[in-house]
Amino acid sequence: MLNNRFISFEGIDGSGKTTQIEILRERLSSKGYKVIVLREPGGTLISEKIRKILLAKENSDLSNEAESLLFFASRNQLMREKIIPHLKEGCFVICDRFNDSTIAYQGYGFGMDISNLETISNFATINKEPDITFFLDISVSLSLNRRNNIENDRIESKGAQYLEKVRQGFLSISNSQPDRIVTIDASLNIDNIRDIIWSRIKEKYEI
C-alpha cells in the first residue's frame, strides 16, 4: 500500500505555486524527509514530449478532446514512472498541478462533460489522487497583471474570459472536496501563505 505523502498545488497561472512548492520542498528536506517535485504535464521523458505538443502555439488546431487525452496520457506515464515508485519509497511527492487542473481547464474552461473527464481521470491515475491539495486562488486580473511581462503559451493565450471559467471551476472543485483541498487567498504575502501551508502539513503528517 502506498503511503499518504502525495501533495498537489493548483491554481491559475501567477498564483505563486512554484514559489510555495519550493519553500515546502526546502522545509521538508531540512527536516530530513525525501522529497521529489514534479510538474504537470511533464516529469518524465515521454511526458515532457507531450508537454511540448500541448503548449506549442503552432498546435492551435488541437481539439479540446485531444488536449484532454494528451494530459491524461502524460499523467499516467508520470504516475507509473515517478509518483507510485517514489511513494512506495516513502518520499513526499509534490505535484505542480494534477487532475484538478484537467477538470478546471478542460472541463469548466471548455464546457466539456465533467463526469466523462473524471472517469478517464480515474483510469489514468489508477484511482490515486493527492492526499492534500493546496489551491492558491487569485483573481484573473491579478493573474494577468503578475504575468504581464511573460510570454503566454498556447493554453495561457486563451484570454481572460476562459481563465475566469477555469478559476470558477477550481472554486467549485474546492468547495466540493473540502477534506482534501485547502483553499488559500494567494493575494496574501508569501510568508503568510507559507505559514498556512506549513500549518496544514504539520497537522496532516504530524511533523
Side-chain angles (χ1 to χ4, degrees), residues 6-18 21 38-44 46-83 94-130 133-140 143-144 147 150-178 180-181 183 186:
F6 187 11
I7 303 165
S8 66
F9 280 73
E10 298 284 4
I12 61 177
D13 289 303
S15 60
K17 292 185 287 81
T18 302
I21 286 171
L38 302 166
R39 70 175 181 177
E40 278 248 7
T44 73
I46 292 173
S47 299
E48 289 293 336
K49 290 179 179 179
I50 296 174
R51 180 186 181 89
K52 289 181 180 179
I53 295 172
L54 284 164
L55 301 186
K57 287 184 176 180
E58 61 263 29
N59 295 329
S60 59
D61 291 336
L62 188 68
S63 73
N64 295 344
E65 291 82 3
E67 178 177 303
S68 301
L69 291 170
L70 284 170
F71 272 109
F72 290 133
S74 173
R75 187 166 302 132
N76 178 264
Q77 192 67 28
L78 187 66
M79 284 293 299
R80 292 291 190 183
E81 194 173 329
K82 293 290 182 72
I83 295 176
I94 304 175
C95 268
D96 185 345
R97 300 195 181 285
F98 202 64
N99 266 356
D100 296 325
S101 277
T102 299
I103 304 302
Y105 278 85
Q106 281 71 49
Y108 287 89
F110 293 154
M112 298 179 69
D113 188 286
I114 302 296
S115 62
N116 284 344
L117 290 175
E118 288 175 341
T119 298
I120 304 172
S121 292
N122 291 333
F123 173 75
T125 62
I126 316 134
N127 293 308
K128 177 66 178 173
E129 67 178 11
T133 295
F134 294 102
F135 165 44
L136 305 187
D137 180 40
I138 57 170
S139 66
V140 169
S143 169
L144 295 174
R147 295 186 52 79
I150 301 175
E151 183 179 358
N152 289 329
D153 58 38
R154 187 185 64 85
I155 294 174
E156 293 162 350
S157 299
K158 295 182 183 294
Q161 187 174 6
Y162 171 74
L163 279 180
E164 185 57 43
K165 291 179 181 178
V166 173
R167 182 191 174 218
Q168 292 304 317
F170 274 127
L171 288 168
S172 179
I173 296 166
S174 177
N175 289 336
S176 70
Q177 300 185 55
R180 173 174 66 88
I181 303 176
T183 301

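If you're wondering where the values come from, they're calculated on a predicted model, not measured in any experiment.
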So [Y] and [X], do their side chains get closer than 4.5 Å, heavy atoms only?
X      : Y      : value
Phe134 : Ile21  : no
Ser121 : Ile103 : yes
Asp137 : Arg167 : yes
Phe6   : Cys95  : yes
Thr44  : Arg80  : no
Thr133 : Ile173 : no
Pro130 : Ile7   : no

Of all residues at least two apart in sequence or in a different chain, which pass the side chain to side chain contact (heavy atoms under 4.5 Å, CB included) check with [X]?
X      : value
Arg39  : Glu48, Arg51, Asp96
Ser172 : Tyr108
Ile120 : Leu69, Phe72

Leu171 and Phe135: CA distance, side-chain angles, deciding distance, side-chain contact (heavy atoms from CB on, under 4.5 Å) verdict: CA-CA 9 Å; Leu171 288 168; Phe135 165 44; 3.7 Å; yes

Which atom of [X] lies closest to which atom of [Y], heavy atoms considered:
X      : Y      : answer
Met112 : Ser68  : SD-OG, 3.5 Å
Val166 : Gly109 : CG2-CA, 4.1 Å
Ala186 : Ile138 : CB-CG2, 3.2 Å
Leu117 : Thr102 : CD1-O, 4.3 Å
Leu78  : Gly43  : CD1-CA, 3.8 Å
Ile12  : Ser143 : CD1-CB, 3.6 Å

Arg75, Glu129, Lys128 screened by side chain to side chain donor-acceptor pair (under 3.5 Å) with Asn99, the one that passes: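 The side chain to side chain donor-acceptor pair (under 3.5 Å) with Asn99 is passed solely by Arg75 among Arg75, Glu129, Lys128.
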
Between Glu40 and Ser74: side-chain donor-acceptor atoms closer than 3.5 Å: no

To the nearest 0.5 Å, what is the distance between [atom1] on [X] and [atom2] on [Y]?
X      : Y      : atom1 : atom2 : answer
Leu163 : Gln168 : CG    : CD    : 12.0 Å
Met79  : Ser47  : CE    : OG    : 11.5 Å
Ser8   : Ile181 : OG    : CD1   : 7.5 Å
Leu54  : Lys49  : CG    : NZ    : 15.0 Å

For the pair [X] (side chain) and [Y] (backbone), establish whether a donor and an acceptor sit closer than 3.5 Å, ignoring hydrogens and angles.
X     : Y     : answer
Lys82 : Leu38 : no
Arg97 : Gly11 : yes
Glu10 : Phe98 : yes
Asn59 : Leu55 : no

Close aromatic pair by centroid cut-off 6.0 Å: Phe110 and Tyr105: no

Contacts of Glu164 that satisfy salt bridge (charged side-chain N to carboxylate O under 4.0 Å, His left out) - sequence neighbours left out: none

Salt bridge (Lys or Arg N to Asp or Glu O under 4.0 Å) contacts touching residues 98-117 (sequence neighbours left out):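 Checked against salt bridge (Lys or Arg N to Asp or Glu O under 4.0 Å) - neighbours excluded - the pairs reaching residues 98-117 are Asp100-Arg180.
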
By side chain to side chain donor-acceptor pair (under 3.5 Å) - contacts of Thr119 (at least two apart):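 By the side chain to side chain donor-acceptor pair (under 3.5 Å) rule, Thr119 matches no residue at all.
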
